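Structure, as structure tokens:
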Amino acid sequence: MAKSIISVSDLNKQEIFDMINLAGILKKDKNLYGDALSKKIFLLLFEKQSTRTRVSFESAIKQMNGKTIFLGRNESQLSRNERIEDMARVLDKYVDCVIARVYKHDDLLKFKNFADIPIINALSDLEHPVQILSDLFTMFEIKKNFDFKLTYVGDCNNVTNSLILASKIMGFEISLASPKKYEGEYIKNLNKTGIKNVVFENITDAVKDADFIYTDVWTSMGQEVKEDENERLKTFEKFRITKKLLNFAKKDVRIMHCMPIHYGMEIEEDVANSGHSIIFAQAENKIYMEKAVLAKIWDF
Ligand code: CP
Ligand code: NVA
């Protein structure tokens, strides 16, 4: 088992299946591993805002009898440009694990190289691996396999990147509907990942026969450019999940969103709160998957 999880690709298919199985067991028995993290201290180092990831991780750790320290960007020397390498070499003497949400993915890699403890990516500009592990659990709960098609609609971002990596590992089909103008680094390098011909500018072509349609915010944290805002919103108008769009997917298509939702932008309110939506199940499942990840890191 890889000790750090910086990318979905740090895990193999078997390890992901093991985590999904364990998350299912932990969902049924909320007291399981109730003392597993006693004597372990976790640093939650968050450069960006968070509601779900921060609270679910803190709660997961406390339910397993571990301790947490929260450090935001402004309270730490990060905001005064301390080198991440120097922080890593010191902090690994104080805590047993760092769960970090950062602007630059590269900072996580540097942290990992200079620290002797597990580092968990709680979102970076390039990936959101634990979110996607938990989403794999949610989809597996419904389908009981990975023989399905998922269409991601909207801005190709950290969530999309982790979904693409997960599709390669778990074997599900993926298509993307996204404006070419804003395509992200991973999408530009799709050929290198071995995934071809999956990006559509035509949203209805992309969602054809989809079992799951996934969307996320049009502007991720750290992507905000004031001068470009109006142009960006105009470009993304065509990439909204609407009730009409569902007609092009499978009849029982499920709608996903990692949250926070911007109603009326990337998704219509009627759709987000319809019977097709599994958005709140996704959010709930984060805590069970996070507990499974923590248990697997130390091979409990
Ligand atoms: N899905 C997710 O990561 O939400 P938060 O930004 O609230 O943590
Ligand atoms: N792509 C979004 C995800 C938020 C959970 C962002 O990075 O802001």
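This is a predicted model, so every value here is computed, not measured. Indexing begins at 1, ligand by ligand and atom by atom, following the structure's order. By convention here, the first residue in the shown sequence is residue 1.
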Problem set entry | Per atom 4 (C) of ligand 2, closest listed option by heavy atom (Thr51, Leu123, Asp155, Thr53) | Leu123
Seminar exercise, completed: The closest protein heavy-atom partner of atom 8 (O) of ligand 2 is Met221 N, 2.9 Å
Seminar exercise, completed: Taking only non-hydrogen atoms of Asn157 and a 4.0 Å limit, the atoms of ligand 2 in range are 1 (N)
Exercise. Pick from Leu176, Ile213, Val207, Ile164: which one makes a side chain to side chain contact (heavy atoms under 4.5 Å, CB included) with Tyr152?
Worked result: Leu176
Problem set entry | Within reach of ligand 2, part of Lys48 (heavy-atom separation under 4.0 Å) | neither
Exercise. Is the closest N or O pair between Ser220 and ligand 2 shorter than 3.5 Å?
Worked result: yes
Exercise. Do ligand 1 and Met259 have nitrogen or oxygen atoms that lie under 3.5 Å from each other?
Worked result: yes
Problem set entry | Ring-face cation contact, Phe46 with Arg54, 6.0 Å cut, 45° max | no
Problem set entry | Residue Gln131 vicinity, atoms of ligand 1 by number, heavy atom under 4.0 Å | 1 (N), 2 (C), 3 (O)
Exercise. Which residue holds the protein heavy atom closest to atom 4 (O) of ligand 1, what is that atom called, and what is the gap in Å?
Worked result: Arg52 NE, 3.0 Å
Exercise. Parallel, tilted or perpendicular: which fits the ring planes of Phe148 and Phe146, with parallel below 30° and perpendicular above 60°?
Worked result: tilted
Problem set entry | Heavy-atom check, side chain of Tyr182 versus side chain of Thr235, under 4.5 Å | yes
For this session: Look up atom CE in Met256 and atom CD1 in Ile241, then write down how far apart they are to the nearest 0.5 Å.
Result: 11.0 Å
Exercise. Under 3.5 Å, N or O to N or O, is His128 touching ligand 2 that way?
Worked result: no
Problem set entry | Atoms in ligand 1 with a heavy atom of Lys286 nearer than 4.0 Å | 1 (N), 2 (C), 3 (O)
Problem set entry | side chain to side chain contact (heavy atoms under 4.5 Å, CB included) between Tyr214 and Leu163, worked out | CA-CA 10 Å; Tyr214 198 128; Leu163 275 171; 3.8 Å; yes
Exercise. With atoms numbered from 1 as shown, which atoms in ligand 2 lie under 4.0 angstrom from a non-hydrogen atom of Met259?
Worked result: 5 (C)
Exercise. Counting N and O atoms only, with roles assigned by atom type, does the side chain of Gln223 sit under 3.5 Å from a partner on the main chain of Ser220, one being a donor and the other an acceptor?
Worked result: yes
Exercise. Would you say Gln49 has any N or O atom under 3.5 Å from an N or O of ligand 1, going by distance alone?
Worked result: no
Exercise. Could you give the distance from CE (Met139) to CD1 (Ile278), rounded to the nearest 0.5 Å?
Worked result: 7.5 Å
Problem set entry | Sub-4.0 Å atoms of ligand 1 with respect to non-hydrogen atoms of His128 | 2 (C), 3 (O)
Problem set entry | Where ligand 2 meets Val217 - atom numbers and elements under 4.0 angstrom, heavy-atom basis | 2 (C)
Exercise. Less than 3.5 Å between some nitrogen or oxygen of Arg101 and one of ligand 1, yes or no?
Worked result: yes
Problem set entry | Where Leu245 and Arg240 come nearest, the two heavy atoms and their spacing | CD2-O, 4.1 Å
Seminar exercise, completed: Distance col, row Leu126:CG vs Asp106:CG, nearest 0.5 angstrom, shows 9.0 Å
For this session: Answer with yes or no whether the side chains of Glu127 and Ser7 bring together a donor and an acceptor at under 3.5 Å.
Result: yes
Exercise. Is Lys48 near ligand 1, meaning one of its heavy atoms is under 4.0 Å from it?
Worked result: no
Exercise. Nearest protein heavy atom to atom 7 (O) of ligand 2, by residue and atom, and its distance?
Worked result: Asn158 ND2, 2.8 Å
Exercise. Quick one: nearest non-hydrogen protein atom to atom 3 (C) of ligand 2, plus distance?
Worked result: Asp216 OD2, 3.5 Å
For this session: Mind running side chain to side chain contact (heavy atoms under 4.5 Å, CB included) on Ile41 and Thr68 for me, showing each step along the way?
Result: CA-CA 6 Å; Ile41 303 179; Thr68 60; over 6 Å; no
Problem set entry | Criterion side chain to side chain contact (heavy atoms under 4.5 Å, CB included) on Lys143 and Phe212, from CA distance to verdict | CA-CA 10 Å; Lys143 293 283 182 194; Phe212 296 95; 3.8 Å; yes
For this session: If you have a sec, work out which protein heavy atom is nearest atom 2 (C) of ligand 1 and how many Å separate them, to one decimal?
Result: Thr53 OG1, 3.5 Å
For this session: Measure Asp125 to ligand 2 on non-hydrogen atoms and call it side chain, backbone, both or neither using the 4.0 Å cut-off.
Result: neither
Exercise. Under 3.5 Å, N or O to N or O, is Pro260 touching ligand 2 that way?
Worked result: no
Exercise. Any N/O of Cys258 closer than 3.5 Å to an N/O of ligand 1?
Worked result: yes
